[in-house]
Student: 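Just passing along the structure, written as structure tokens.
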2 protein chains.
Amino acid sequence: MISPGCPGAIEPILTILDGKWNLLLLRELFNGTKRFGELRRSLHPISPKTLTDRLRMLEEQEIVTRTLYPGVPLHVEYELTERGQRLQPIFAAMWMWVQEYGACPQKETDDGGQDAEAVM
Amino acid sequence: MISPGCPGAIEPILTILDGKWNLLLLRELFNGTKRFGELRRSLHPISPKTLTDRLRMLEEQEIVTRTLYPGVPLHVEYELTERGQRLQPIFAAMWMWVQEYGACPQKETDDGGQDAEAVM
DNA sequence: CTCCATAGTTCATTTTTTGAAACTATTGCA
DNA sequence: TGCAATAGTTTCAAAAAATGAACTATGGAG
């Protein structure tokens, strides 16, 4: 479907990073193992359907593992695989970009350039 | 709309990277200045509407500049801004990941592993 | 005044993604 | 038996994104 130009075929990563929630979901998982309910709360207005869809896709892509813990209230933990952990440099590069250049232009107020102050 | 967890707010970059075509489009622009028609051919099954939509968004985000060259057949060149160039490390990280881990599981053919041959 | 080439725009339609609400499944305990 | 807690699934509707085809705009050459 895609005709890759020579320098750098990024296609295999498109499935993983594309979509409204994938980057945010992966960011959560970089902070460690998470349970379904935790993810649902962190990503708050996400619907359970969308969340399971994304998680299943990431499982298929071998980016996360799903572990079921039976018990009184059963629970499930999602964790990054090795393959998933290795995405970290991509996110690190994003974070650096956002720090230096993240202040979006969005809508320029025409009263002159008052850049957004740092958001952290 | 999004409640950022402390470590690394990547939200400002979501607009820029999200969507089916954005990564592919940016990749083209890392190879240098491109004209509308060139982009259209490189990204082949893209529709002109989608292409202009994406380019306008990237302009608003100050990732690309649009320069009109009047002349016999007029033409337009799209080029990355400084801000856009600085996205390069993100793509570099993606390329490295793809090289090492890119072979997608996709659908495991149970007849044994005949991996896709290199597409370069 | 028409034609060519480039770069779009417009509009209706299709495809894809997301969503909300309600329902299922598991298991121990009261 | 019935409830509580977790983690989903199902169904149908809504919203967003992408598409295709045809049309507009520009400006010089013939």
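A, B, ... follow the sequence lines: proteins, then strands. Residue 1 opens every chain.
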Student: Round to the nearest Å and state the distance from A:Met57 atom CE to C:dT16 atom P.
Tutor: 16 Å
Student: Less than 4.0 Å between a side-chain N and a carboxylate O, is that true for B:Glu60 and B:Arg56?
Tutor: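 Salt bridge absent between B:Arg56 and B:Glu60.
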Student: Can you tell me which nucleotide in C:dT18, D:dA7, D:dT9 comes closest to the side chain of A:Arg54?
Tutor: C:dT18
Student: A:Leu43 has an atom CG; how far is it from atom P of D:dA7, in whole Å?
Tutor: 14 Å
Student: A:Ile46 or B:Tyr78: which one's nearest nucleotide on DNA chain C is closer to the 5' end?
Tutor: B:Tyr78
Student: Look at the side chain of A:Thr52 and decide which nucleotide, out of C:dG8, C:dG19, D:dG8, has an atom nearest to it.
Tutor: D:dG8
Student: Under 4.0 Å from OP1 or OP2 of C:dG19: is there any side-chain N or O of A:Lys20 that close?
Tutor: yes
Student: Could you tell me the separation between the CG atom of A:Leu68 and the P atom of D:dT9, rounded to a whole number of Å?
Tutor: 12 Å
Student: Can you check the B:Glu38 CD to C:dT6 P distance for me, whole Å?
Tutor: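 That distance rounds to 11 Å.
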Student: May I have the distance from A:Trp21 (atom CH2) to D:dA17 (atom P), rounded to whole angstrom?
Tutor: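 Nearest whole value for this atom pair: 13 Å.
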Student: For a quick test of reading the model: is some side-chain N or O of A:Arg66 closer than 4.0 Å to OP1 or OP2 of D:dA7?
Tutor: no
Student: Quick check: are there more than 12 heavy atoms from other residues, nucleotides or ligands sitting under 6.0 Å from CE of B:Met96?
Tutor: no
Student: Does OP1 or OP2 of D:dT9 have a side-chain N or O of A:Arg56 closer than 4.0 Å?
Tutor: yes
Student: Name the closest nucleotide to the A:Leu74 side chain, picking from C:dA5, C:dA20, D:dA7.
Tutor: D:dA7
Student: Whole-Å distance between D:dA5 P and A:Arg41 CZ?
Tutor: 13 Å
Student: Tell me which nucleotide among C:dA7, C:dG19, D:dA18 gets nearest to the side chain of A:Thr50.
Tutor: C:dG19
Student: Need to verify one output field. Residue with the more 5' nearest nucleotide on DNA chain C, B:His75 or A:Val72?
Tutor: B:His75
Student: Rounded off to whole Å, could you give me the CG-to-P distance for the A:Asp18 and C:dT17 pair?
Tutor: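 In whole Å, C:dT17 P lies 8 Å from A:Asp18 CG.
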Student: A:Arg35 near the nucleic acid: base, sugar-phosphate alone, or nothing, with a heavy-atom cut-off under 4.0 Å?
Tutor: sugar-phosphate
Student: Is there a side-chain contact between B:Leu26 and B:Ile63, using heavy atoms and a 4.5 Å cut-off?
Tutor: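 Yes. Closest side-chain heavy atoms under 4.5 Å.
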Student: How would you list, by chain and number, every residue that makes a side chain to side chain contact (heavy atoms under 4.5 Å, CB included) with A:Pro48, sequence neighbours excluded?
Tutor: A:Phe36, A:Arg40
Student: Taking for each residue the nucleotide of DNA chain D bearing the nearest heavy atom, is the 5' side occupied by B:Lys49 or by B:Arg40?
Tutor: B:Lys49
Student: Check every strand shown and say whether B:Tyr69 touches a base, only sugar-phosphate, or nothing at a heavy-atom separation below 4.0 Å.
Tutor: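 Here B:Tyr69 touches no strand at all.
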Student: Can you measure B:Leu24 atom CG to D:dA18 atom C1' for me and round it to whole angstrom units?
Tutor: 14 Å
Student: According to salt bridge (Lys or Arg N to Asp or Glu O under 4.0 Å), does anything in residues 68-80 of chain A pair up with another residue at least two apart or in another chain? List the pairs.
Tutor: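 Checked against salt bridge (Lys or Arg N to Asp or Glu O under 4.0 Å) - neighbours excluded - no pair reaches residues 68-80 of chain A.
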